[in-house]
> 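Below is the structure I would like to discuss, written out as structure tokens.
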2 protein chains.
Amino acid sequence: MAKETRRRVYEFMRNQIRAGSVPSVREVQRAMGFSAVQSAQEHLDALVADGFLEKIPRISRGYRLPERSVSAFMIPLLGRVQAGGLVDAIEDREGYVAVDIDPSRRPLFALRVRGESMKDAAILPDDIVIVRQQPSAQHGDIVVAMIDDQATVKRLRIVPGPAGSSRAELHPENPEFSPIIPEGDLHILGKVVEVRRQFETSVFHEDSIP
Amino acid sequence: MAKETRRRVYEFMRNQIRAGSVPSVREVQRAMGFSAVQSAQEHLDALVADGFLEKIPRISRGYRLPERSVSAFMIPLLGRVQAGGLVDAIEDREGYVAVDIDPSRRPLFALRVRGESMKDAAILPDDIVIVRQQPSAQHGDIVVAMIDDQATVKRLRIVPGPAGSSRAELHPENPEFSPIIPEGDLHILGKVVEVRRQFETSVFHEDSIP
DNA sequence: TTGACTACCAGACATTTGTCTGGTATCTTC
DNA sequence: GAAGATACCAGACAAATGTCTGGTAGTCAA
């Protein structure tokens, strides 16, 4: 029937693309048993017109699934963040974590939480925080900052200082810990945008990369 | 340096492929600024030889990431899970969530937490739980179960019953709530494998001076 | 009928693309 | 210095590929 072939074309494309390889027009032709390229082309055009597929003109294998637009990204899970901040720490990655925020707009990284200082904010040891890299933050944000050559997760508070000035403090969310009042500059690595707790390990550990 | 270019080629390929489009050799050439196709080709060949890439000969854009590489998956974030369980609820999706667990092995779904009954387990209202679909679970697991036509997140406890039998109970982690002792069958939707909390990320985010 | 529309076919053309041969410059290693 | 290895360049060719023009057969509705 009419509609039947189109459905077969769509399912062929969807399965192939999900499996990781985009068919060319002639591969669709062969898969469907058409003896003309144009037959496959027209079905593909129709699927694009109906929004079932997207295509990049003129490039080979340029068809995409629209739901790819909600795509996922992998960001590095850093092991330790030490002196020198991220520049050095980037090389010390523990694995990768999947996020659905586009990291190309603003760099993201992930960090494993140590210690119980944020317990009352429901952030526990071994949780993973997703951090958006930025040099400053607002009052009330949960941030990652460098304290004594170690990355620490705390809540940022901006308190009024003498003579109308203001000062940044790092507050834990656990009465057993004390606030940190930095003496000099406060080196903020970024703002925590998400917290994750995994009950099963699923982080990818890489061996080596060229 | 020598290795530096190869790394750039690899990362270009990896990012492009993960983003859903496999570059052609000449696209690599242009991206790297080579004036000869062969330069890109040789780097790709070397990456294939070292196992960092795989390729299908003679077909355009035939490079793949090896199986062991990380990939991210998108799973549905269900709005409400009601009577009938997941089968009906699948159509009531609120969005998608990125995970790095392969959902083809065992179905996964995500659910937004309501209520404070798991507060002491550091699971707060509006948190998102990633659930692996399974009809049963073990003592101590945090599960999603159907209670009164509503999906609820609780800790599962198997307690000894009369005459050597055992009974399942659903325990909140908040003293203000009472355990649920199901009368009939306990309908478990799945086991919570991850908890996520997203802090609101304003589009108009201004950095203030810390 | 006519006209439109759809599905498919036949053949062709210009790019794109994978692949190949050979060359240059710069290293290291013996 | 010679030999080998590496990284890159120059140019080319055949196959793969996107795209186009025009044609046939069937359906459906006015």
Side-chain angles (χ1 to χ4, degrees), chain A residues 1-69 208-210, chain B residues 1-67 69:
Chain A
M1 296 298 284
K3 231 172 176 181
E4 180 54 28
T5 308
R6 179 144 316 164
R7 183 182 197 91
R8 282 180 48 222
V9 171
Y10 172 68
E11 290 185 348
F12 175 71
M13 290 296 284
R14 180 166 51 82
N15 293 340
Q16 291 294 305
I17 294 176
R18 289 226 176 109
S21 54
V22 185
S24 68
V25 180
R26 277 172 182 81
E27 283 171 356
V28 175
Q29 173 199 350
R30 285 192 291 269
M32 295 299 120
F34 294 141
S35 61
V37 201
Q38 185 63 4
S39 304
Q41 183 96 295
E42 283 170 4
H43 280 290
L44 291 171
D45 287 346
L47 288 169
V48 169
D50 291 348
F52 291 106
L53 286 178
E54 287 172 357
K55 90 173 223 186
I56 309 164
R58 288 164 191 285
I59 88 151
S60 68
R61 304 169 187 277
Y63 291 90
R64 300 292 122 93
L65 290 177
E67 64 184 86
R68 269 283 192 182
S69 56
S208 65
I209 273 189
Chain B
M1 298 299 280
K3 230 172 177 181
E4 181 53 30
T5 307
R6 179 145 318 164
R7 187 189 186 90
R8 286 206 304 137
V9 171
Y10 172 69
E11 292 188 344
F12 175 71
M13 290 296 286
R14 180 168 50 83
N15 293 339
Q16 291 294 306
I17 293 177
R18 283 203 189 130
S21 56
V22 185
S24 68
V25 179
R26 279 172 180 80
E27 284 171 355
V28 176
Q29 173 199 350
R30 284 191 290 269
M32 295 298 120
F34 293 141
S35 60
V37 200
Q38 185 63 4
S39 304
Q41 183 95 296
E42 283 169 5
H43 280 290
L44 292 171
D45 286 347
L47 287 169
V48 169
D50 291 347
F52 292 104
L53 286 178
E54 287 172 357
K55 88 172 223 187
I56 310 165
R58 288 164 189 286
I59 89 150
S60 69
R61 304 170 187 275
Y63 290 90
R64 299 292 120 92
L65 290 177
E67 201 65 27
S69 288

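Model, not experiment: these values are computed from the prediction. Letters A, B, ... mirror the listed sequences (proteins, then strands); counts begin at 1.
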> What's the closest nucleotide to the side chain of Phe34(A) if the choices are dC8(C), dT17(C), dT19(D)?
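My answer, after comparing the listed nucleotides, is dC8(C).
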
> Output yes when at least one side-chain N/O atom of Thr5(A) is less than 4.0 Å from OP1 or OP2 of dC8(C), else no.
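Yes.
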
> Within this structure, what is the CZ-to-C1' distance between Arg30(B) and dC9(D), rounded to whole angstrom?
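Arg30(B) atom CZ is separated from dC9(D) atom C1' by 17 Å.
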
> Taking NE2 from His43(A) and P from dA7(C), how many angstroms apart are they, rounded to a whole number?
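After rounding, the reported distance stands at 6 Å.
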
> Please tell me which of Arg26(B) and Arg26(A) maps to the more 5' nucleotide of DNA chain D, matching each residue to the nucleotide holding its nearest heavy atom.
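Nearer the 5' end of the strand: Arg26(B).
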
> Using 0.5 Å steps for rounding, measure from the NE2 atom of His43(B) to the CZ atom of Arg8(B).
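Result: 9.0 Å between the selected atoms.
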
> Could you list the residues that satisfy ring-ring contact (aromatic ring centres under 6.0 Å, His included) with Phe12(A), not counting sequence neighbours?
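Residues passing ring-ring contact (aromatic ring centres under 6.0 Å, His included) with Phe12(A): none at all.
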
> Could you tell me the separation between the CD atom of Gln29(B) and the P atom of dA7(D), rounded to a whole number of Å?
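Spelled out: CD on Gln29(B) to P on dA7(D) is 17 Å.
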
> Could you work out, with side chain to side chain contact (heavy atoms under 4.5 Å, CB included) as the rule, every residue matching Tyr63(B), not counting sequence neighbours?
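Tyr63(B): side chain to side chain contact (heavy atoms under 4.5 Å, CB included) contacts with Met13(B), Val22(B), Val25(B), Gln41(B), Leu44(B), Asp45(B), Val48(B), Leu53(B), Lys55(B).
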
> Take the protein atom CG of Asp45(B) and the nucleotide atom P of dA7(D), then report the distance between them rounded to whole Å.
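So the two atoms are 12 Å apart, to the nearest Å.
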
> Could you state the OH-P distance from Tyr63(A) to dT17(D), rounded to the nearest angstrom?
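Checked: the OH to P distance equals 13 Å.
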
> Would you please name every residue forming a side chain to side chain contact (heavy atoms under 4.5 Å, CB included) with Gln29(B), sequence neighbours left out?
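Partners of Gln29(B) by the side chain to side chain contact (heavy atoms under 4.5 Å, CB included) criterion, ordered by chain and then number, come out as Arg26(B), Phe34(B), Val37(B), Ala40(B).
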
> How close or far is atom C1' of dG18(D) from atom CD of Glu27(A), stated in whole angstroms?
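Going from CD in Glu27(A) over to C1' in dG18(D) covers 13 Å.
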
> Quick check for you: to the nearest 0.5 Å, what is the distance between Glu27(B) atom CD and Ile59(A) atom CD1?
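Here the interatomic distance stands at 5.5 Å.
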
> Taking N or O atoms only and anything under 3.5 Å, show me the protein contacts with nucleotides 20-26 of chain D, one pair per line.
| from | atom 1 | to | atom 2 | distance (Å) |
| --- | --- | --- | --- | --- |
| dC20(D) | N4 | Gln38(A) | OE1 | 3.2 |

> Map Pro23(B) and Gly33(A) onto DNA chain C by nearest heavy atom, then report which one ends up closer to the 5' terminus.
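The answer here is Gly33(A).
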
> Starting from the 5' end of DNA chain D, give me the residue, Ile59(B) or Ala36(B), whose nearest nucleotide shows up first.
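Here Ala36(B) is the residue nearer the 5' end.
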
> With a 4.0 Å cut-off on heavy atoms, is Ser24(B) in touch with a base, just the backbone sugar-phosphate, or nothing at all?
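Since only primed, P, OP1 and OP2 atoms lie under 4.0 Å of Ser24(B), the category is sugar-phosphate.
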
> For Glu42(B), what residues pass the salt bridge (charged side-chain N to carboxylate O under 4.0 Å, His left out) criterion, not counting sequence neighbours?
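With sequence neighbours excluded, Glu42(B) shows a salt bridge (charged side-chain N to carboxylate O under 4.0 Å, His left out) to no residue whatsoever.
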
> Gln16(A): which residues meet the side-chain hydrogen bond (donor to acceptor under 3.5 Å, both in side chains) condition with it, sequence neighbours left out?
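Result, side-chain hydrogen bond (donor to acceptor under 3.5 Å, both in side chains) vs Gln16(A): none returned.
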
> Whole-Å distance between dA15(D) C1' and Arg61(B) CZ?
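From Arg61(B) CZ to dA15(D) C1': 16 Å.
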
> Could you state the CZ-P distance from Arg7(A) to dA7(C), rounded to the nearest angstrom?
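In whole Å, dA7(C) P and Arg7(A) CZ are 15 Å from each other.
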
> Counting just side-chain N and O atoms, does Lys55(A) come under 4.0 Å of either OP1 or OP2 of dT17(D)?
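Looking at the OP1 and OP2 atoms of dT17(D), neither is under 4.0 Å from any side-chain N or O of Lys55(A).
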
> Verify the contact: side-chain N or O of Ser35(A) to OP1 or OP2 of dA10(C), cut-off strictly under 4.0 Å; return yes or no.
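Yes, because at least one side-chain N or O of Ser35(A) sits under 4.0 Å from OP1 or OP2 of dA10(C).
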
